Amino acid sequence: MGEIIRVQKGTKDILPADIAVWHKMEASALEIFTRAGYKEIRTPIFEATELFKRGVGDTTDIVNKEMYTFEKSERSLTLRPENTAGVVRSYIENGMHRLSAPVKLWYKGAMFRYERPQAGRQRQFHQVGVEMFGIEDPSADAEIILLALNYLKKLGLPNLSVELNTLGCSKCRKEFRALLIETLRPHYDKLCDDCKERFEKNPLRLLDCKVESCKAIFALPEVQKVIQADYTCPDCSLHFEQLKSYLDNVGINYTVNKLLVRGLDYYNRTVFEIKSENLGSQNAVCGGGRYDSLVEQLGGENTPAIGWAMGMERLAALLSEEKEEKLDIYVISNNKLEALKLAERLRALNYSVEFDMAGKKFTKQLEKAAKTAYFAIILGEDELNGGYLTLKNLETAAQIQFPLVNLADFETHTYKFISTNSSEWLQSKLSMLSSGFVM
RNA sequence: GCGGGUUUCGCCAAGUGGUUAAGGCCCCGGAUUGUGGUUCCGGUAUACAUGGGUUCGAAUCCCAUAUCCCGCCCCA
């Protein structure tokens with residue numbers, strides 16, 4: 001026996017016992033996004049490394065230290081660390097700018113980041129996300145935030161907090177950044193090591209620091225004055241005000257967090273996060289914002305765009321456990337060929353069916369049936385000789401017999417009861433029998 | 001990349017220098033050769049993360065490595 005091979009650090013099997021919640025997330029995504037006119041798109045797991053360098057930004061941590069990059073045939077390829085760049089690439093490459101705006105897309109799938117695993121963080125994880133292209137109006141921002149909330153509501157997570165901010169456009173952001181750096185420069189030496197690191201790279205992030213000595217500096221009046229002052233240009237301010245007005249009018253609760261900065265370079269104007277208190281330190285389930293210059297940056301026409309992504313593992317952590325689905329029918333028989341044939345007939349009628357392949361004794365087969373299915377169909381020697389089946393309701397123990405030949409009729413007329421309430425289903429069987437319905 | 005903790009069967013777990021290393025769950029079988037989910041009995045034919053060391057003797061003490069978990073950075 002060789003040594004066993006384990007899953008890689010930061011990756012996980014999603015086992016059958018835990019899959020129900022994933023089916024729920026995926027089915028809800030399809031339903032909610034389709035309802036708002038979004039179409040699913042599936043792009044490749046790996047892309048040219050250059051796409052992420054240009055798209056996500058080569059000053060970001062994601063690009064600098066977290067990408068799974070490899071060479072093949074003298075090409076540099078990278079496992080996608082996020083999916084916005086890939087979707088934008090596809091949008092451009094497939095000429096989607098010629099479609100009538102807005103172009104609305106959604107996706108789900110695995111992403112890869114080489115990071116130290118932690119609560120709510122894996123190296124392979126899953127995101128579900130949406131992107132909308134071609135609309136600059138703040139109604140697009142409002143719709144896409146509502147879409148996130150509708151999805152969370154569908155999943156039964158309606159009470160998460162929404163944080164909102166505007167980064168302004170490239171011009172107003174630059175001004176603010178320059179002023180902030182200038183104001184903080186006299187205090188540079190007193191900053192913590194992390195903050196010194198952030199000072200040039202991403203000064204907006206400084207303000208989020210948890211170190212007391214840094215907090216003290218940010219509390220200084222001259223620094224507060226810069227933070228609180230509004231440096232967004234009139235156009236950006238108007239956009240933000242309009243968005244807030246839309247949200248107010250549809251009754252969405254949110255808080256404006258001036259310190260909210262997103263770590264990806266492509267964001268401008270609106271950024272937002274949706275957080276939960278029950279997730280430990282990685283508490284954002286959803287993050288997104290506007291990225292009006294990305295399409296052009298990746299070689300397309302100047303196209304406004306906005307989107308968000310949710311971490312599915314984090315969603316799953318918030319969702320209560322879903323029960324494992326039971327089988328509709330378990331066929332009990334010692335004649336494997338007849339059992340297989342019957343199982344196939346029933347499967348063709350859309351039932352989920354299993355039968356015994358292990359050659360267990362009758363009692364054991366029934367025991368297995370009781371654990372895994374709503375109904376048992378007994379196809380033993382008596383039944384085979386007599387040309388009938390015995391149907392047993394495993395909840396009530398009631399059972400009835402019916403002729404084998406008319407199986408199709410029997411099943412079509414009763415299918416609708418099986419998924420709702422099995423007892424009702426059986427009752428209906430019995431009443432049809434007594435009213436002379438021929439099975 | 002930097003901290004702190006963890007590790008005993010498929011899962012949960014008792015055990016702190018001398019034990020055949022408890023127990024529970026799950027799974028399989030029997031009691032019950034065609035009527036279950038309760039109960040009782042039995043089984044899972046080399047479980048102490050790995051490699052060294054200390055000791056007459058190590059799951060237990062020491063060192064190293066790995067693992068997973070939790071935090072920092074950052075992100076979903």
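Treat the numbers as computed from the prediction; the structure is a model and nothing was measured. Residue numbers start from 1 in every chain, and the chains themselves are labelled A, B, ... in the order their sequence lines are given, proteins ahead of strands. Keep in mind that the numbers below use all heavy atoms, side chains included, and drop hydrogens, waters and symmetry copies.
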Using the P atoms only, state how far B:G10 lies from B:A49, rounded to an integer number of Å.
-> 13 Å
Between B:A76, B:G36, B:C74, which nucleotide gets closest to the side-chain atoms of A:E367?
-> B:G36
Report the residue (A:V7 or A:K364) whose heavy-atom-nearest nucleotide on RNA chain B is the more 5′ of the two.
-> A:K364
Counting heavy atoms not belonging to A:K258, are there more than 12 under 6.0 Å from its NZ?
-> yes
Atom-to-atom span, CZ of A:F125 to C1' of B:C74 - whole angstrom | 12 Å
Looking at every strand, decide which applies to A:I378 at a 4.0 Å heavy-atom threshold: base, sugar-phosphate, or nothing.
-> base
For A:E115, which contact category applies under a 4.0 Å heavy-atom criterion: base, sugar-phosphate, or nothing?
-> base
Take atom P in B:C56 and the same atom in B:G4, then report the distance between them in whole Å.
-> 34 Å
Euclidean distance, atom CG of residue A:D356 to atom P of B:G34 [Å, nearest integer] | 13 Å
With a 3.5 angstrom cut-off on both distances, give the Watson-Crick or G-U wobble partner of B:A64, or none if there isn't one.
-> B:U50
A:F362, nearest nucleotide to its side chain (from B:C74, B:A76, B:G34) | B:G34
Judged by nearest nucleotide, the residue sitting upstream toward the 5' end of RNA chain B, A:S281 or A:G10, is A:G10
May I ask you to say what A:G120 touches in the nucleic acid, namely base, sugar-phosphate or nothing, with a heavy-atom cut-off under 4.0 Å?
-> base
Answer with yes or no whether the side chains of A:N283 and A:E273 bring together a donor and an acceptor at under 3.5 Å.
-> no
Please give the nucleotide sitting opposite B:A45 as a Watson-Crick or G-U wobble pair, both distances under 3.5 Å, or none.
-> none
With a 4.0 Å cut-off on heavy atoms, is A:L315 in touch with a base, just the backbone sugar-phosphate, or nothing at all?
-> nothing
Provide, to the nearest angstrom, the distance between the CG atom belonging to A:N335 and the P atom belonging to B:G34.
-> 15 Å
Which nucleotide sits closest to the side chain of A:A370: B:G36, B:C73, B:G30?
-> B:G36
Using the P atom in both, what is the distance from B:U60 to B:G18, to the nearest Å?
-> 11 Å
Which nucleotide in the set B:C69, B:G29, B:A76 lies at the smallest distance from any side-chain heavy atom of A:P117?
-> B:C69
Ignoring hydrogens and geometry, is there a side-chain-to-backbone donor-acceptor pair from A:Q122 to A:Q124 under 3.5 Å?
-> yes
B:C9 and B:G15: how far apart are their C1' atoms, nearest whole angstrom?
-> 15 Å
Of the listed B:U67, B:G34, B:C28, the closest approach to the A:E381 side chain comes from B:G34
Can a side chain N or O of A:K65 be found less than 4.0 Å away from OP1 or OP2 on B:G1?
-> no
Distance check: side-chain N/O of A:K361 vs OP1/OP2 of B:G30, anything under 4.0 Å?
-> yes
If you look at every strand shown and take non-hydrogen atoms under 4.0 Å, does A:A376 touch a base, only sugar-phosphate, or nothing?
-> nothing
Quote, to the nearest angstrom, the P distance that separates B:U16 from B:G51.
-> 24 Å
Could you give the OH-to-C1' distance, from A:Y330 to B:G36, as a whole number of Å?
-> 12 Å
How is A:R121 classified with respect to the nucleic acid when contacts are heavy atoms under 4.0 Å: base, sugar-phosphate, or nothing?
-> base
Over how many whole Å does the gap from A:Q282 atom CD to B:A76 atom P extend?
-> 11 Å
Euclidean distance, atom CD of residue A:Q118 to atom C1' of B:U6 [Å, nearest integer] | 16 Å
Nearest to side-chain heavy atoms of A:L394, which nucleotide of B:U35, B:G36, B:G71 | B:G36
Any A:T363 side-chain N or O less than 4.0 Å from OP1/OP2 of B:G34 = yes
B:U35 base / A:K392 side chain donor-acceptor hit below 3.5 Å = yes
How is A:E82 classified with respect to the nucleic acid when contacts are heavy atoms under 4.0 Å: base, sugar-phosphate, or nothing?
-> nothing
Which whole number of Å gives the distance between the P atom of B:C26 and that of B:U39?
-> 9 Å
Using a 4.0 Å heavy-atom cut-off across all strands, classify A:G287 as base, sugar-phosphate, or nothing.
-> sugar-phosphate
Is there a donor-acceptor pair closer than 3.5 Å between any side-chain N or O of A:N257 and the backbone N or O of A:L259?
-> yes
Say whether, by atom type as modelled, one donor and one acceptor occur between the side chain of A:R123 and the main chain of A:P117 under 3.5 angstrom.
-> no
Roughly how far apart, to the nearest Å, are B:A13 and B:U65 at atom P?
-> 27 Å
State whether a side-chain donor-acceptor pair under 3.5 Å links A:Q118 with A:S281.
-> yes
Return the value, rounded to whole Å, for the distance between atom NZ of A:K12 and atom P of B:C69.
-> 4 Å
Give a yes or no on whether a donor-acceptor pair under 3.5 Å exists between the nucleobase atoms of B:G1, that is its base, and the side chain of A:E66.
-> no
With a 4.0 Å cut-off on heavy atoms, is A:D382 in touch with a base, just the backbone sugar-phosphate, or nothing at all?
-> base
State whether the side chain of A:T270 and the backbone N or O of A:D141 hold a donor-acceptor pair below 3.5 Å, judged by distance alone.
-> no
A:L260 CG to B:C74 P, in whole Å, measures 13 Å
Looking only at heavy atoms, what is the nearest atom pair of A:A309 and A:Y107, with distance?
-> CB-OH, 3.6 Å
So which nucleotide does B:C72 pair with, by the Watson-Crick or G-U wobble rule with both distances under 3.5 Å?
-> B:G1
State, without any angle test, whether A:E131 and A:T84 hold a side-chain donor-acceptor pair at a distance under 3.5 Å.
-> yes
How would you label the contact of A:A284 with the nucleic acid (heavy atoms, under 4.0 Å): base, sugar-phosphate, or nothing?
-> sugar-phosphate
Which base sits across from B:C40 as a Watson-Crick or G-U pair, both distances under 3.5 Å?
-> B:G30
In whole angstrom, give me the gap between the C1' atoms of B:A21 and B:G29.
-> 26 Å
